[in-house]
Amino acid sequence: DEAGKHAAADPNLEENVETDRAADAFGSDGAPARALGEAGEEPSSSSGDGDDSILAAVRRAAALVRDDRLLEAARVAARAGIAPPFAATAIFSSSDASDADADAATLLDRHLPKARRVARLIESLKAKVSATSPGSGSNDEEPGDADADATSSPDEYGPWLVQGEHMGKRDVSVYYRTDKKTGSKLNARVESPIDAEMLVPFLSVLNESELYASWLPNWTVPRFRIRRSEKLKQTGRVSQVVVVTIDLPWPFSAREAVLDACGVDDIDASGDICVLVRALGEGDDDSESDASPTATIAVPSVDEADVVRIGFEGGFLFRALPEDWDADMKAARAARKNHAENENENETDASVGGAEAPAAAGVSSWFSGWGVGYGSSSPKDGSSAAEARDASEGALEETFHDDEGRDVVLASNSDGGNSDDDAFEECEEHQEAPPRRILVSVQMSVDPKIDFVPAALMNFVTRTVIYTMWCMLLRVAEGVRDGARPAHAEAIAAKKESLYDWTRARARDMVKRVFAE
């Protein structure tokens, strides 16, 4: 099993139930168990040949964790019939245990509990989303599609909604859903196929968190700005802890998350690369996290009165593009077209994005306090509401900085579409697909700690923020590939021997494996 669910230690546990403990520790649910069965041998039916066998398995698993192969480490432990906690057991706590073996046990206690979350994230991202038209959810997902999410309980969220499936220079598909109880928790998913040569540039942009502020977009109206993005600690070769603070529109306080990003190399077993991202300080006392990530870093307290810590869990998956991807996208576009033709104009406008559409300007009157005339039905200057809306359609702007620190402003229309030819070029004529493509998927579950999120704000996030940020990520990765991002080039060169030579080599291994070269 790829999973790493932590089982509580029982001092009275008999030797003959060790295998059952391992099965529980690494996931007894069907989806993660299937993942292990595909990637390696079946778990053994015994605990091994005594202490020597356990020591060998722990040493092997610890070496794999150090090599960023967390899922393979979990498989090794499961095949040996062992599971955390290790450090407190007699083998590793006795005076006869070497310091190296004790350190290996502690390392596994700290990292293996994440493996189950990684496995469930991968299983969820590999499941197809079965929504067929903008704003139309579907309840006919394949078994486990909606419920195989590592970030939610089976009945917490409604069906997936299609925000958009953009085909052109950058293929981007955006889906989302909100929780049934409050409608404030957001579960979103984005997918884009990229050329295989883009894999290393994309990974480098994700890794260089110190440069996020140079390209992450900001909005003035409504207010949605990155106040802080800072790496707190490098916890592994491809893992780090980052704190991100975002300013929200009045009357909401700023939101902040301390994010633990754990990179996982599963190329040899499945051809996949995964990055698990989870907010620290949120749910770290659950049964899966007795060996909490906070053991290696002191999560800083909130240092500003207007900041609220939020819940976040999700991650990225890089894998070979499924053979039926293009056919599925064509079918989805046909379904959207059919949906539009069968609905009257008002119903069609209201269905875009799944939520009830705001007023004609694309936002509700709730935005009236966020800027003169923006969505306001009673502008202070005495102009008509229609004139105010017309004047404010260009007010929604995205700003970021290039590598020399110059401000760049990209206007974005109210429905989140593309209005800047360079950054968000969208071509209806689909270009010739490159022969080797990697599918990049990201899924996130966000609890903003807000009892009620106005429809206007939720629409803005799902229609504009998610799509714009993803397109900027793709654009910056293209700039890295083309040598047009000097700051990124400098950072990559500084870590050439310690990180990026290895990254390029593993990317080549992935391409060879998934494309059978």
Side-chain angles (χ1 to χ4, degrees), residues 121 124-141 145-166 171-192 217 219 222 224 246 248 255 257 277 310-317 328-329 332-333 335-336 339 348-358 362-364 412 414-417 439-450 452-473:
L121 173 67
S124 179
L125 284 170
K126 287 187 176 182
K128 292 183 179 179
V129 176
S130 300
T132 57
S133 61
S136 297
S138 172
N139 290 311
D140 63 349
E141 288 94 348
D145 278 4
D147 300 343
D149 181 4
T151 66
S152 62
S153 61
D155 299 322
E156 184 175 4
Y157 288 91
W160 285 106
L161 304 174
V162 179
Q163 171 51 46
E165 289 168 329
H166 308 274
D171 292 356
V172 181
S173 300
V174 182
Y175 311 94
Y176 79 98
R177 57 188 180 178
T178 56
D179 71 298
K180 298 175 182 178
K181 184 176 181 180
T182 69
S184 64
K185 296 179 182 179
L186 176 65
N187 195 201
R189 177 167 167 174
V190 185
E191 296 181 328
S192 283
W219 288 264
F224 197 96
I246 300 176
L248 297 181
R255 260 48 189 178
V277 183
I310 66 171
F312 182 100
E313 184 165 351
F316 293 79
L317 175 64
D328 285 349
M329 289 298 100
R333 297 186 77 190
R336 290 203 315 274
H339 175 81
T348 302
D349 289 342
S351 71
V352 174
E356 181 180 353
V363 288
S364 76
S412 174
S414 61
D415 65 358
L439 181 61
V440 184
S441 306
V442 61
Q443 188 160 295
M444 65 195 84
S445 184
V446 184
D447 179 0
K449 305 301 181 183
I450 298 175
F452 171 74
V453 177
L457 180 57
M458 184 64 75
N459 289 341
F460 174 66
V461 171
T462 57
R463 297 177 182 184
T464 302
V465 174
I466 294 174
Y467 177 69
T468 303
M469 284 189 167
W470 187 259
C471 286
M472 281 305 306
L473 175 56

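Applying the side chain to side chain donor-acceptor pair (under 3.5 Å) rule to Thr178 yields no partners; only residues at least two apart in sequence or on another chain are considered. Residues satisfying the salt bridge (Lys or Arg N to Asp or Glu O under 4.0 Å) test with Asp179, not counting sequence neighbours, are none.
A 4.5 Å side-chain heavy-atom check between Val174 and Trp470 finds every atom pair outside the cut-off. At least one side-chain heavy atom of Ile466 sits less than 4.5 Å from a side-chain heavy atom of Leu186. Between Ile450 and Arg255, some side-chain heavy-atom pair lies under the 4.5 Å cut-off. Between Trp160 and Asn187 the shortest side-chain heavy-atom distance falls below 4.5 Å. The shortest side-chain heavy-atom distance between Met329 and Asp171 does not fall under the 4.5 Å cut-off. Between Met469 and Pro217 there is a side-chain heavy-atom pair separated by less than 4.5 Å. Within the 4.5 Å cutoff, side-chain heavy atoms of Phe224 are placed close to those of Leu248.
Of all heavy-atom pairs spanning Glu191 and Tyr175, the tightest one is OE1-CE1, 4.0 Å. When all heavy atoms of Val453 and Ser184 are compared, the closest pair comes out as CG2-CB, 3.5 Å.
Using modelled atom types, one side-chain atom of Thr462 and one backbone atom of Asn459 make a donor-acceptor pair closer than 3.5 Å. No donor-acceptor distance shorter than 3.5 angstrom exists from the side chain of Arg189 to the backbone of Ser441, with no hydrogens or angles considered.
Within the model, atoms NZ of Lys185 and NZ of Lys449 stand 7.0 Å from one another, a figure rounded to the nearest 0.5 Å. A distance of 7.0 Å separates CZ in Phe316 from CE in Met444, rounded to the nearest 0.5 Å. Rounding to the nearest 0.5 angstrom, the gap separating the CD atom in Glu313 from the CD atom in Gln443 is 10.0 Å.
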Open item on the list: One pair to check against side chain to side chain contact (heavy atoms under 4.5 Å, CB included): Leu121 and Leu317. What are the steps and the verdict?
Closed with: CA-CA 8 Å; Leu121 173 67; Leu317 175 64; over 6 Å; no
